Undergrad: 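One structure is given below, represented as structure tokens, and several questions about it will come after.
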Amino acid sequence: MPYTPSAIEPKWQEFWERNKTFRTEDGGPRPKYYVLDMFPYPSGAGLHVGHPEGYTATDILARWKRMQGFNVLHPMGWDAFGLPAERAAVRDGIHPAIITKRNVDNFRRQIKRLGFSYDWDREVDTSSPDYYRWTQWIFLRLHEKGLAYQASIPVNWCPALGTVLANEEVKDGRYVETGDPVEKRMMKQWMLRITAYAERLVSDLDLVDWPEPVKKMQREWVGKSHGAEITFAIAGHANRTFTVFSTRPDTLMGSTFCVLAPEHPLVREITTPACKAAVADYVEVAGRKSDRDRTSADAKEYSGAFTGAYAVHPLSGENIPIWIADYVLAGYGTGAVMAVPGHDERDFAFATKFGLEVIRVVKALDGSEPKLPYSEDGIATNSPGFDGMTTEQAASAVIAALVAKNAGKGMVTYRLRDWLFSRQRYWGEPFPMIELEDGTMVPLPDDTLPVELPALDDFKPTSDGRPPLARAEAWCKTTDPRTGRPAQRETNTMPQWAGSCWYYLRYIDPKNTTAPWDRAKEKYWLPVDLYIGGTEHAVLHLLYARFWHKVLFDLGLVSTPEPFQKLFNQGMILAYSYRDASGKYFHPKDVEEKDGKSFVKGTGAALEKQVEKMSKSKLNVVSPDEVVDEYGADSMRLYEMFMGPLDAVKPWQMNGVEGIYRFLQRTWRLVVTDEDTLHPGITDGAPSPELTKATHRAIAKVTSDLSNMQFNTAISAMMILVNTLTESQVRPRWCLDQLTLLIAPFAPHLAEELWARLGHPTTLAYEAWPKFDPAALIDATVEIPVSINGKMKDVIVVPRGADQSTIEAAARSNEKIAKLIEGMTIKKVIVIPGKMVNLVV
RNA sequence: GCCUGAGUAGCCCAAUGGCAGAGGCAGGGGACUUAAAAUCCCUCAAGUAUGGGUUCGACUCCCAUCUCAGGCACCA
């Protein structure tokens, strides 16, 4: 029988399912290994080939670790709450739960076809009441700790979506997912006090084995900065002060004016009558500007208005003017800055525009006076009492002087803001909170959970702008279970991030009905040993999940300070797309390529070929289904790993799959003939030295590549072994067994089938991983390149372990080399035993 | 603008500072076949983005530049 994935793959998938081959026990003598995928949002479009990239990598490692004797936890589930299902529900009039179930079923089907060794008994679904009951439970713990609160704040309101968005979801004034514009609105919202964990979210990054760029992005997101808080009195307003934050307190003596954000609460009060009109105008204009306009990079045009008021410089006692300008952000720090135009680009640009005084208070370290604005560190100057000090010394001295005058102190601030945690949506976790008649918001007791979503058939916000849940009037109207008094349910829901903040914990104990997870099981399984997913979650998901985990840690509910010990980001898979001169895209099946150029089939019109992100509109999406249909799951898996390093961005090439398919066929034919018998060359005898060595070499290479997650080169090593065995008419069973075990994590269906045909009665999922003998890899002789002036000229063969003089003699007596060096003086000979010889002439 | 990462045959990609090639695709040739497909065998090809530097020796280390990808961008 020729290699027929469509026959053997379903067979083994059924076998694994029927025998619960991959069911995981919680505990036992084997060491544990928890390998986790970032679970998918089950979209209506189904899987594309990017999803299984990470899943294949984790599956290979999971299978490999099992063969190495680890107790492996490898689960899968669904991040099932979310906006797309709700929008589809509004559009099609179908309940989001039904849409979600349909999508989940499709995702599960697609994933199961790829033969991943998940323990499906642990599948979780964040939109199931059994799951979100515990999401609500964790929210109550956050609330108890004072980490969840309501506040009326300016929020990012997205009119197109009819909901607010977290700061992280907005970029350049638009929703990052859809590009819909976002505007500021004051609203009462649930907030989570993630800022209380800012310091630990930064410092604990030292505890984990994550890619440096991701750590950096998280550090920058938290944005820790050291400096001083400085209080300014206001001339003529005896009881009024304002506070600024500065990272450069050493430049305080160079502060020639102050700037408040237009929204600063003091603006109205301190503005003098003469300036009132101009200031009011400016506040109005600034308020109307969108975030996008206010921060757009090209709009380097500074604007502002003078309030007429003066601040008292805390050290010099001089009066300096107070301006307002929208380059000072109301939401960051104190919403006010001391302007040091000599040493800050923005202040400099502003001072230039409005003719304000600029003075130098920092010289370069070499004493020179670089052009202003000069924002590097240096030596203080023009700063009575601090002259001659370095930036660092001056900063501490200024802080000390401020402390003495009770006008400031050293301070650390963070860019991180509290997390806006409510959405005006239907398809999310309801808050387990009720509002009493007196307006107080109180938590529901744990034993009333879950607060289930009410049945609705219209998921739009109400006509008066309240969230969809407000439509469920009977549901909203409730009583306080403690007092029996009437109450209203909270109608906001949690954002999609909520469910994904703790799913890795639920996998540990997914069926527990009395607790979110069992403590002993948690202690056994955590932390996650390896977490693989895309870079798109480098900040948001990972920061939120770490925050929740730390809260749970402080509550004694989890035993590790960090949830994910090692993180790895897979690179994105791109695809070729074809576009004609007018910009119209063509599907690859309508394209033919000739001499490296692309043409439309039929018409012959010339096309541009480029590599782009897969997208429907570019007609370049590849679905795993089509690949599995044509080549099988094993080819799909192997090709995804063979394309290149896991973390590289790389283009999908269908004929690359073809090459992999051919490799698997060759592997198959080593063992099975087209007549469906065992290959006649298979023997039980000892393999030849050559085949022994080739096999040991493959074992060594695949093993070390797997430990470094270098799947592409591991596959290459297996190809070499297969090619070597193909050349041989004698096929020692030992070699074939070893090869089958090596390939098992990568192409498990093929491996199981060959394993069975080679006469093994049980699954190879728990067979011991092959061991190699380092001695078997050593050759009796080694080839050593000989170069002259660093250019390789010939190769000599010497016994392994030959000493320098032997090698040098061999090199000099080599016919070709001897001829080349004839008549030349050898200035120097470099011999690295076992490596090379270099003659310098 | 700033910070990362990456540029190696036509393409995807390998190479502890020591023979530029492991593997795959595509191309060429051959065997098998009535023929084709499939299969098997053989084979072609770049000197590593560019310019400097360190070294006996550089794809690898250092500096500058270019291109691409990703992240950040009034955060005081």
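Lettering of chains follows the sequences in order, A, B, ..., and the numbering in each one begins at 1. In this text the structure is predicted, and so the values were computed from the model without any measurement. All values below come from the heavy atoms of this structure, side chains included, with hydrogens, waters and symmetry mates left out.
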Undergrad: Tell me if the aromatic rings of F642(A) and F711(A) count as close, with their centers under 6.0 Å from one another.
TA: no

Undergrad: Paired with A9(B): which nucleotide, if any, by Watson-Crick or G-U wobble criteria at under 3.5 Å for both distances?
TA: none

Undergrad: In this structure, how many angstroms lie between the C1' atom of C11(B) and the CD atom of Q610(A), rounded?
TA: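 In whole Å, C11(B) C1' and Q610(A) CD are 16 Å from each other.
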
Undergrad: Could you tell me whether D347(A) contacts a base, only the sugar-phosphate backbone, or nothing, with contacts defined as non-hydrogen atoms closer than 4.0 Å?
TA: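 Counting heavy atoms under 4.0 Å across all strands, no contact is made by D347(A).
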
Undergrad: Measure from CZ on F711(A) to P on G24(B) and round the result to the nearest Å.
TA: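 Those two atoms, CZ and P, are 20 Å apart.
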
Undergrad: Under the 3.5 Å rule, do the base of C56(B) and the side chain of N838(A) count as making a donor-acceptor pair?
TA: yes

Undergrad: Could you tell me the Watson-Crick or G-U partner of A15(B), where both distances fall under 3.5 Å? Say none if there is no partner.
TA: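 Base partner found: none.
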
Undergrad: Could you tell me the Watson-Crick or G-U partner of A31(B), where both distances fall under 3.5 Å? Say none if there is no partner.
TA: U39(B)

Undergrad: How long is the line joining CG of D326(A) and P of A76(B), in whole Å?
TA: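 Going from D326(A) (CG) to A76(B) (P), I get 18 Å.
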
Undergrad: Looking at the rings of W652(A) and Y576(A), which for Trp means the six-membered one, are their centres under 6.0 Å apart?
TA: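 Centroid separation for W652(A) and Y576(A): 6.0 Å or greater.
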
Undergrad: Send over the distance from D674(A) CG to A38(B) C1', rounded to a whole Å.
TA: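 Distance check: D674(A) CG to A38(B) C1' gives 10 Å.
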
Undergrad: With both distances kept under 3.5 Å, what pairs with A64(B), Watson-Crick or G-U wobble?
TA: U50(B)

Undergrad: Look through every strand shown and name the nucleotide pairing with G1(B) as Watson-Crick or G-U wobble, where both distances are under 3.5 Å.
TA: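 Paired with G1(B), as far as the under-3.5 Å criterion goes, is C72(B).
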
Undergrad: Whole angstroms only, please: what is the CZ-C1' distance between R219(A) and C3(B)?
TA: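 So the CZ-C1' distance, R219(A) to C3(B), works out to 13 Å.
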
Undergrad: Need the pair for G57(B). Rule: Watson-Crick or G-U wobble, both distances under 3.5 Å, any strand; none if unpaired.
TA: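 Base partner found: none.
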
Undergrad: Report the distance from atom CG of N723(A) to atom C1' of U39(B), rounded to the nearest whole Å.
TA: 14 Å

